[in-house]
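Working notes, beginning with the structure itself.
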Amino acid sequence: MKIIGFFLVVHLTSTTQSGLPSGIMVKKGEKAVIDCSLKANEGVYWFFQPENSKLKFLLYLSGANKIISNGDNRLDSTRSFSKVSLTVNSFTKEDSGKYYCVMVRNMKMEFGDMVARYLEEIKTTPKATTVVTSTKVTTTTPSAKTSCAPTESRFAKKEDKMSCHLFIWAPLVCAASLLLLVLIFVSVLDCKRPRRRRCQHQFRKRPIPEDIRRQVNSYH
């Protein structure tokens, strides 16, 4: 078998082929049927050459239709009268390449035509996406003390945010502090002011002296 493969390589190198071989595209997972161009009543050898790789033995179909393969269960070969074909089930990318059939008749090697099979790759077109861009116009006044516009540096952004927060919260904190101090001062003054204590007897009705009471009764 190695001798047959060697002679096949010699035959391929001696024959000149123009350009790349034209092959049939096969979808992934489908069945690829490859016909041998030889009218073979004897045993037929099948060889395979992947892209940019060495020649490999696939199987041998004897004259009694007995198959000796390389162990790949996806491969099968049939004979119909003098026509021999090779079947590759569940075609994959690794099966893309050139296929050859060789027959030994009357101590003479006969080479069939090369047949190429390639995996058909489904091209997916990316969906068109629309990008909406919005432009923002920022106005600056010359009287502004601090600038809150973002800069390219990350540290500059943090400093701008801190300055904006200080610019907003500082007056509020000062006003709240002053109000608290005023309330404390007023409460202290109110507590220190002396208060007159009023007894309950001050509000009671005092008795009229007898002198005054007699003078009032004298008019009657």
Side-chain angles (χ1 to χ4, degrees), residues 1-135 150 152-154 157:
M1 193 172 299
K2 292 183 178 179
I3 297 174
I4 296 174
F6 172 75
F7 281 107
L8 178 60
V9 172
V10 173
H11 172 73
L12 295 176
T13 54
S14 61
T15 57
T16 58
Q17 296 179 358
S18 59
L20 296 174
S22 59
I24 299 176
M25 307 302 291
V26 182
K27 293 182 179 180
K28 186 177 180 179
E30 291 187 351
K31 181 191 302 182
V33 180
I34 303 161
D35 296 328
C36 181
S37 60
L38 299 175
K39 293 182 179 181
N41 295 322
E42 304 292 336
V44 176
Y45 296 88
W46 284 99
F47 291 89
F48 169 63
Q49 185 179 10
E51 296 179 356
N52 302 322
S53 183
K54 297 180 180 179
L55 199 68
K56 297 180 181 180
F57 167 75
L58 293 181
L59 58 82
Y60 169 72
L61 179 65
S62 65
N65 294 332
K66 184 179 180 180
I67 297 175
I68 301 174
S69 67
N70 60 355
D72 193 348
N73 296 326
R74 298 180 303 116
L75 301 177
D76 189 16
S77 184
T78 57
R79 186 195 309 270
S80 177
F81 297 100
S82 60
K83 182 180 179 181
V84 178
S85 61
L86 174 70
T87 303
V88 182
N89 297 302
S90 301
F91 197 87
T92 62
K93 188 175 182 180
E94 288 73 17
D95 299 324
S96 299
K98 307 170 188 176
Y99 292 84
Y100 304 92
C101 59
V102 182
M103 184 181 63
V104 180
R105 179 183 296 171
N106 298 327
M107 301 300 295
K108 183 181 178 181
M109 295 182 63
E110 297 182 7
F111 302 95
D113 296 334
M114 183 273 301
V115 180
R117 294 290 185 272
Y118 299 100
L119 180 67
E120 181 180 355
E121 296 181 357
I122 301 174
K123 296 181 180 180
T124 58
T125 57
K127 296 181 179 180
T129 57
T130 57
V131 180
V132 179
T133 58
S134 61
T135 57
E152 296 180 356
S153 177
R154 183 168 57 184
K157 289 181 180 180

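Remember, it's a predicted structure, so these values are computed and weren't measured experimentally.
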For a quick test of reading the model, state the closest non-hydrogen atom pair linking [X] to [Y] and the distance between them.
| X | Y | value |
| --- | --- | --- |
| Ser37 | Gly112 | OG-CA, 3.4 Å |
| Met114 | Tyr100 | CG-CE2, 3.2 Å |
| Val88 | Ile34 | CG2-CD1, 4.5 Å |
| Val33 | Arg117 | O-NH2, 3.2 Å |

[atom2] on [Y] to [atom1] on [X], rounded to 0.5 Å:
| X | Y | atom1 | atom2 | result |
| --- | --- | --- | --- | --- |
| Cys101 | Asp113 | SG | CG | 7.5 Å |
| Glu51 | Glu94 | CD | CD | 11.0 Å |
| Asp35 | Thr87 | CG | OG1 | 8.5 Å |
| Ser62 | Tyr45 | OG | OH | 9.5 Å |

| query | Going through the distances and angles, do Leu38 and Val44 end up as a side chain to side chain contact (heavy atoms under 4.5 Å, CB included)? | reply | CA-CA 9 Å; Leu38 299 175; Val44 176; 5.9 Å; no
| Residue pair Lys28 / Leu119, side-chain heavy-atom distance below 4.5 Å |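 Touching, per the 4.5 Å side-chain cut-off.
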| said: Between Leu75 and Trp46, is there a side-chain heavy-atom distance shorter than 4.5 Å? | reply: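 The answer is no; the side chains never approach within 4.5 Å.
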Report all side-chain donor-acceptor pairs from residues 63-74 shorter than 3.5 Å, counting only partners two or more places apart or in another chain.
| from | atom 1 | to | atom 2 | distance (Å) |
| --- | --- | --- | --- | --- |
| Asn65 | OD1 | Arg79 | NE | 2.9 |
| Ser69 | OG | Gly71 | N | 3.4 |
| Asn70 | OD1 | Asp72 | N | 3.1 |
| Asn70 | ND2 | Phe57 | O | 3.2 |
| Asp72 | OD1 | Arg74 | N | 3.1 |
| Asp72 | OD2 | Arg74 | NH2 | 3.2 |
| Arg74 | NH1 | Asn89 | O | 2.9 |
| Arg74 | NH1 | Ser90 | O | 3.1 |
| Arg74 | NH1 | Asp95 | OD2 | 2.9 |
| Arg74 | NH2 | Asp95 | OD1 | 3.1 |
| Arg74 | NH2 | Asp95 | OD2 | 3.4 |

| said: If we ignore hydrogens and angles and just use 3.5 Å, is the side chain of Ser77 paired with the main-chain N or O of Ser85 as donor and acceptor? | reply: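 At least one qualifying donor-acceptor pair exists.
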| Set of residues satisfying side-chain contact (heavy atoms from CB on, under 4.5 Å) with respect to Arg105, sequence neighbours excluded |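 side-chain contact (heavy atoms from CB on, under 4.5 Å) list for Arg105, sorted by chain: Met103, Glu110.
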| request: Please list, chain by chain and in numerical order, all residues satisfying ring pair (Phe, Tyr, Trp, His ring centres under 6.0 Å) with Phe91, sequence neighbours excluded. | output: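 Counting only residues at least two positions away or on another chain, Phe91 forms no ring pair (Phe, Tyr, Trp, His ring centres under 6.0 Å).
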